[in-house]
Amino acid sequence: MFKQLLMGVNARNRTSVTPLQLTLFALLFALSTGGSCYYVSNQNAYFIHGLKLAGDNFLAGDWLASLPSPLPVFDQILRLLYITMGEKGFLVGYVFSMGVLGFGLMAISLRTFPLHRSVVQLGLFLVGLQFIFSALFSKLLIMATVTSKGQLLFTSGMAWQRLTTTGFEPASFGVGLVVALYLFISHRVYAAVFVTLLTCTLHTGLLLTSSLTVAAFLWILWREKGWSWRRLIGLMLFAALFIAPVVIYVVINFGGESAEITQRARAFLAFKYIPYHVDARYWVSWETAWYLFLMTTATYLVGRGTLRSFFLMLLLLGGGLSVVQYITRDPLLGLMFPWRASSYLVPLSSALILAWIVDRLPQMAPGLFKKSRRRAMLGVLLVFSMLLVGSGLYRMQSAVQQGEQGPDVDLMRHIRQHRTALDHYLVPQTQPMDRLRLYAGVPVYVNAKSHPFGNQAVLTWWDRGERVKAFYGQLPAGGCFSPEEVQEAFGVTHVVVETEKRLQCPKRCESYRNTDYVLYALAQCVGSGEPVNR
């Protein structure tokens with residue numbers, strides 16, 4: 001099967017693998033990347049609506065979950081995965097998205113460079129591609145650069161925008177843009193536009209990136225393919241048909257506030273909360289220069305043709321808008337992420353540069369391709385491929401196991417086992433508590449990682465966070481907070497406090513304690529009566 005997969009390219013340099021063979025490579029690629037699946041990083045912000053729809057929790061009473069979702073289609077996918085497979089469904093979604101990425105990178109590279117001439121040559125490329133995106137290579141890069149950002153040097157875009165996330169996230173759907181490009185260079189124009197716009201339907205944060213991708217398609221069709229204005233207008237109407245619902249949904253649900261509120265919220269998100277993603281001045285660094293080097297090198301190596309034109313157009317459009325944002329510091333433009341196209345151009349550039357190198361290996365090292373060594377080379381490649389899969393599975397398993405251990409997990413497990421529909425929690429604004437809402441399936445007053453998307457809601461969320469920080473910052477050492485005042489101020493039923501605060505609350509107030517956290521049940525503190533609701 002492995003040899004058949006490697007030979008699955010015909011003389012016209014188009015992939016001709018069977019669905020089973022294609023699935024095999026995509027699976028090997030995906031499993032090599034590693035990753036985790038239980039409520040990490042941005043999952044804490046994007047999973048709440050989908051999990052609320054899935055049920056098996058009390059998130060319907062959560063303030064954040066009551067707001068409009070920025071990702072309604074993703075919510076339904078999340079709901080389907082959860083009700084059919086539980087939390088392991090998130091891992092399935094991650095593996096699927098990485099498999100799609102592997103297919104797209106492979107297909108574009110093999111269409112650009114004639115690696116079908118030798119089974120060994122093709123094998124070197126595919127296993128090399130698997131290696132670049134593997135958990136093993138990520139670890140080696142971290143060791144070489146002595147920084148966690150080192151693992152992103154070949155797979156991430158500018159401003160730390162990337163497709164190869166640590167788990168199943170909306171950003172993972174950006175892999176659709178790689179597939180769309182493959183469809184476009186394969187002369188399936190309408191399919192390419194459809195997949196491009198499907199991508200931003202799944203993740204509205206890719207709206208501008210998808211629009212720039214379609215704009216590049218239109219330019220190439222007009223300037224190089226000789227399409228008439230009539231055909232171009234027809235394609236634009238086709239695109240408008242699919243992008244209109246996304247734009248309308250965003251405007252209806254996240255527009256409408258006053259200009260002052262809108263400007264304040266945008267400025268806060270852009271320059272205070274996530275400046276490393278939004279403000280171009282923040283991420284002008286050697287990493288950005290490296291990403292530009294990869295993209296410009298790939299643009300040169302692919303030679304004249306559609307692919308070079310596409311790279312040039314996106315670099316011009318995305319780069320131009322990035323320069324405008326750098327000069328003007330416009331928060332709206334920054335929050336539309338004009339540089340986000342680099343999140344798929346950089347991985348594609350890495351794949352294309354690798355393909356170019358392998359394409360020239362027969363001239364550089366002809367001994368590798370002798371018939372007498374073919375069987376041995378294929379054996380080595382197969383063993384190395386399995387090693388990469390093993391390293392990916394090991395990292396995946398380790399991440400899941402680490403996510404299920406620790407005092408914070410013990411606390412959240414206790415909450416999940418004893419939760420009721422009336423419960424509402426006040427938690428510290430610390431990283432371990434970011435995922436309590438999702439892990440335990442209970443409403444939380446606010447946490448630092450999960451923010452809303454409406455302008456007024458963003459300001460309300462920030463104000464809630466500041467109030468919580470003030471509360472925890474003023475807790476009296478050796479004393480106790482006032483349960484009645486906490487109920488009145490926050491409308492919660494339970495309070496989580498880190499044991500380092502050394503509070504001396506009555507034992508009857510404690511619902512749970514471990515080495516790092518104490519859980520106080522306010523109803524037990526006030527002595528009688530029902531706890532105050534939200």
Side-chain angles (χ1 to χ4, degrees), residues 1-9 15-36 91-92 94-107 109-110 113-144 150-151 153-155 164 347 350-401:
M1 175 61 70
F2 186 75
K3 183 175 179 179
Q4 289 176 326
L5 171 62
L6 298 183
M7 291 297 290
V9 178
T15 55
S16 58
V17 296
T18 68
L20 182 59
Q21 294 167 339
L22 178 60
T23 301
L24 175 61
F25 172 75
L27 183 62
L28 294 176
F29 179 92
L31 293 178
S32 300
T33 61
S36 57
L91 183 58
V92 173
Y94 169 81
V95 170
F96 176 79
S97 64
M98 291 301 98
V100 172
L101 174 63
F103 160 72
L105 297 177
M106 173 191 69
S109 299
L110 296 185
F113 296 99
L115 303 180
H116 62 284
R117 293 173 299 190
S118 164
V119 64
V120 174
Q121 191 176 22
L122 189 55
L124 284 169
F125 168 70
L126 292 180
V127 177
L129 184 64
Q130 185 183 354
F131 175 63
I132 289 177
F133 289 83
S134 68
L136 177 61
F137 190 52
S138 295
K139 184 66 175 178
L140 293 175
L141 286 175
I142 292 174
M143 294 171 60
Q151 64 179 312
L153 289 178
F154 294 91
T155 59
T164 53
S350 299
L352 290 169
I353 293 172
L354 173 66
W356 180 86
I357 293 172
V358 174
D359 183 45
R360 279 148 182 77
L361 274 180
Q363 292 77 38
M364 299 168 58
L368 291 175
F369 302 93
K370 292 181 178 180
K371 290 184 179 181
S372 59
R373 297 182 179 179
R374 180 182 300 174
R375 189 182 299 273
M377 285 293 297
L378 291 177
V380 171
L381 291 173
L382 179 57
V383 171
F384 189 56
S385 176
M386 293 301 102
L387 175 64
L388 296 177
V389 170
S391 68
L393 290 174
Y394 175 77
R395 186 172 80 167
M396 192 177 298
Q397 182 183 26
S398 299
V400 172
Q401 289 179 345

Q: Flag the pair Phe113 / Trp356 as yes when at least one side-chain heavy-atom distance between them is below 4.5 Å, and no otherwise.
A: yes
Q. Is the backbone N or O of Arg395 less than 3.5 Å from a side-chain atom of Ser398, with the two atoms forming a donor-acceptor pair by type?
A. no
**Q.** Residues, nucleotides or ligands: over 12 heavy atoms within 6.0 Å of Phe96 CZ
**A.** no
Q: Supply the atom-to-atom distance Leu153 CG to Ile132 CD1, rounded to the nearest 0.5 angstrom.
A: 12.0 Å
**Q.** Full working for side-chain contact (heavy atoms from CB on, under 4.5 Å) between Met98 and Leu31
**A.** CA-CA 8 Å; Met98 291 301 98; Leu31 293 178; over 6 Å; no
Q) So, do Leu124 and Met377 sit near enough that their side-chain heavy atoms are less than 4.5 Å apart? A) yes
Q) Between Gly99 and Ala30, which heavy-atom pair has the shortest distance, and what is it? A) N-CB, 3.6 Å
Q. Under 6.0 Å between ring centres, would you say that holds for Phe154 and Phe137?
A. yes
Q: Give a yes or no answer on whether the side chain of Tyr394 reaches the backbone of Gly34 with a donor-acceptor pair at less than 3.5 Å.
A: no
Q | Non-hydrogen atoms of Leu129 and Ala351 that approach each other most closely | A | CD1-CB, 3.6 Å
Q.
Looking at every non-hydrogen atom in both residues, tell me the closest pair between Leu381 and Val120 and how far apart they are.
A. CD1-O, 4.2 Å
(Q) Looking at every heavy atom in both Gln130 and Val389, which two are closest together, and how far apart are they? (A) NE2-CG2, 3.6 Å
Q) Any idea which heavy atoms bring Thr33 and Phe133 closest together, and the distance? A) CG2-O, 3.2 Å
(Q) Are there over 12 heavy-atom neighbours, none belonging to Arg375, within less than 6.0 Å of that residue's CZ? (A) no
Q | Heavy-atom side-chain proximity of Phe125 to Leu361 below 4.5 angstrom | A | no
(Q) Can you give me the closest heavy-atom contact between Leu388 and Ser134, atom names plus distance? (A) CD2-OG, 3.7 Å
